[in-house]
Amino acid sequence: MSNQRIVSRLKEISSKALDEVFGHKVDSSQLIVNQTKKEFDGNYTLVLFPFAKALRKGLPEIGEALSNYLTNLAEIRSCGLVAGFLNLEIETSEWKKELQLIAEDLNYGISSASGEKIMIEFSSPNTNKPLHLGHIRNILLGNSCARIHDALGYEVVETQVINDRGIAICKSMHAWQEFGNGETPDSTGMKGDHFVGKYYVAYNDALKEEYLKFQSSKEGLAFLDSKKKSEETAETFWSNYKNAYFNEHSTIGKATKEMLLKWEAGDSDTIALWKKLNDWVYSGFDKTYERLGVNFTKNYYESDTYKLGKESVEKYLKKGLFYKEPDGSVWIDLEDAGMDKKLVLRSDGTSVYMTQDIGTAQKRYEEFETTKMVYVVGNEQNYHFKVLFEILKQMEEPYADGLYHLSYGMVELPTGKMKSREGTVVDADDLMDEVIAEAKKSALEHGEIEGATDEERNEIYRKVGLAALKFQMIRVNPQKKMVFDPKESVDMQGTTGPYVQNAFVRIQSILRKMGAGSLEELHQEYELKEEEKELIILMSSYPDILKEAGSNYDPSLIASFGYSLAKAFHKFYHECSVLNAESEQAKNFRLVLIGQVSRLLEKSMAILGIEMPQRM
RNA sequence: GGUCUCGUAGCUCAACUGGAUAGAGCAGCUGCCUUCUAAGCAGCAGGUUUCAGGUUCGAGUCCUGACGGGAUCACCA
């Protein structure tokens, strides 16, 4: 965590000091300045070890000479040398100046528009079932990255590819047709995506039943005898044979595949049925997205994009980038780039996933001219994207250098992975209901919201509950797999969203009573407390943190910032009274200070899609 | 098996990209509400950073190897 202005100033003067005292020229960017550890005096620390060798002098000698030089500067109050660390204490007036700069900058942390465009793809659900916990991580990461890049001056295009075609949705369609008796989301009062998901489950139950029946039938037993390897048990054979059964024996499977063929042929009844179910699903997704607070600039539908890319492959086949096998399939050899050979067109000339992704990337660039494209997709597809990006690079696409796979780890439960077969999938809507209900319970225990209307109360429960959920999801480094404990997600204490909100709410309570502080009177005589300096140090690191979060595509850094700032505030709150401050100067300073703290808490959490209540 | 990835307190996560005695939260124990919201603060306890080597002033972080988890290696999406 570093402070842009003060740290770069410290590096600059240290570099100058080294030059003037020792005639040693070092670029200021080479210097290491860290925040001083709590157990030592000082605010920032210059690391001296690298100079011992370069100057062929002892660390004490270097330290003392630099101390003498630096202490004479207006910004530095004192220097302390511990081993190879030179601890610098910054002059009070500098802290006030820093606070003033933050307060006066209406766009603090925000970069002006660069004209650069970035596209972020996230969520990208299948339409056969509702969204679950895994989607929530994806969506929150994608949305946060979009907000981060907004703040960094990019024009952001948010998009999702909706997987609306294929065998999966046909399963739901078939099941609804067979067992639905014409019922609808309206007639059952169900949310559309859950309604369609119900039929997907029903389909799989029916298939399973059929499979079990086959296994015990004469035909099935004879089949088992003829195919089973001697070392296999019947159980493992059937479990491995599942997919092949679906493709080769199942009557329900056959009907479903026929449905898919009809869909591909454009059969009007099938298309109508398909549209009906998908529309139900979209109305359900819309509600979930709205509740999560996310929007998309543009949706791509796989039914429109699944044929893209073929022409490109054929074009680059002629150019020799791809090659054709005798059976007619088309491949690319990436062995020089450390990867395998990869199929891009089947022998029957149809395209595969990779082909479609190539085409979709090109189409997006044609439509939006985004030079950066981020794909928020789970890490199980790391290799796929490595290959995709390499192909696009070899095709010399203009955006090839701006491709990024924001690969995130799977979400697991304390009991292990979520498995739909075992019914352990955590549904997105249910989870939101749960955290909001828990926020309500918690508010009834500790909340101070007397006098609020029912509507206001519900808004508070919603904000607090969703804050708990969102913070819990985002605070973990995206790259890592995470364990999500539903019990912890409804926790409102410690490293949580509500903890951060509580800091904000406490500030609002003070500001309601006392009004804002005066910037003009900020520079009156007043010696800052450590807790106050700490808040300013943290706030001054915000622009750098935003940039780092952007360049690393890592929103967890923002969550971490918000928590640190809230924690520092809670400590300040305990140590320093605003209402009963020891002097008018102290009171005014604190009012200005907490005004900025509250502003940054709100802004940083807004980037994560977390809203702040006025009371809780 | 090949490739990639991860391994930090009982649990969930940090560690400013190589800097000081590895930090938080939860769970456990102890204090603090007549005072700006106790969804808070302070404290106790909890660690050979999986293991073994190496690189250097300095390694949780970089390199090599082992062990252990996960992912991926389809003319599936």
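Given the structure is predicted, the values throughout are model-derived calculations rather than measurements. Every chain is numbered from 1 and lettered A, B, ... according to where its sequence line falls, protein lines coming before strand lines.
For B/G53, the paired nucleotide is B/C63, the pair qualifying as Watson-Crick or G-U wobble because both relevant distances are below 3.5 Å. Across all strands shown, B/A14 forms no Watson-Crick or G-U wobble pair with both distances under 3.5 Å. The pairing partner recorded for B/G68 is B/C6, the criterion being a Watson-Crick or G-U wobble arrangement whose two distances lie under 3.5 angstrom. Pair assignment for B/C41: B/G31, on the basis of Watson-Crick or G-U wobble contacts that are both within less than 3.5 Å. Base pairing of B/G1 is made with B/C73, judged by Watson-Crick or G-U wobble geometry with both donor-acceptor distances under 3.5 Å.
Across all strands, A/Asn87 comes closer than 4.0 Å to base atoms (heavy-atom distances). Using a 4.0 Å heavy-atom criterion, one finds that A/Lys53 contacts the sugar-phosphate atoms exclusively. At the heavy-atom level, A/Val483 lies under 4.0 Å from the strands shown only through sugar-phosphate atoms. Residue A/Glu445 is classed as having no contact, given no heavy-atom separation below 4.0 Å to the nucleic acid.
Stacking of A/Phe49 onto the six-membered ring of B/G19 is present: less than 5.5 angstrom between centres, less than 30° between planes. For the pair A/Phe85 and B/A20, the ring geometry qualifies as stacking, because the centroid separation is below 5.5 Å while the planes lie within an angle under 30°.
Taking the ring axis of A/Phe504 as reference, the NZ or CZ atom of A/Lys463 does not stay both within 45° of it and closer than 6.0 Å to the ring centre.
Listed nucleotides: B/G25, B/A38, B/G7. Nearest to the side chain of A/Tyr563: B/G25. Distance from the side chain of A/Asn477 is smallest for B/A14 among the nucleotides B/A14, B/G40, B/C36. Of the candidate nucleotides B/A38, B/U12, B/C36, B/U12 has the atom nearest to the side chain of A/Arg475. Minimum atom distance to the side chain of A/Tyr383 is reached by B/U72, of the listed B/A38, B/U72, B/G25. When each of B/U12, B/A24, B/A15 is scored by its nearest atom to the side-chain atoms of A/Leu557, the top-ranked nucleotide is B/A15. Proximity note for A/Lys481 (side chain, C-beta onward) versus B/G69, B/C76, B/G7: the nearest is B/G69.
Annotation: side chain of A/Asn126 is not in contact with side chain of A/Tyr200 (no heavy-atom distance under 4.5 Å).
Ring orientation note: the planes of A/Trp274 and A/Trp263 are nearly perpendicular, at an angle over 60° on the 30°/60° scale.
Not a single donor-acceptor contact under 3.5 angstrom links the side-chain atoms of A/Ser564 to the base of B/A24. Counting atom types as modelled, A/Asn243 pairs no side-chain N or O with a base atom of B/A74 as donor and acceptor under 3.5 Å. The base of B/U72 has none of its N or O atoms less than 3.5 Å from a complementary donor or acceptor on the side chain of A/Asp340.
Taking the C1' atoms as reference points, B/G69 lies 11 Å from B/U50, given to the whole Å. B/A9 and B/U5: their C1' atoms are spaced 24 Å apart (whole Å).
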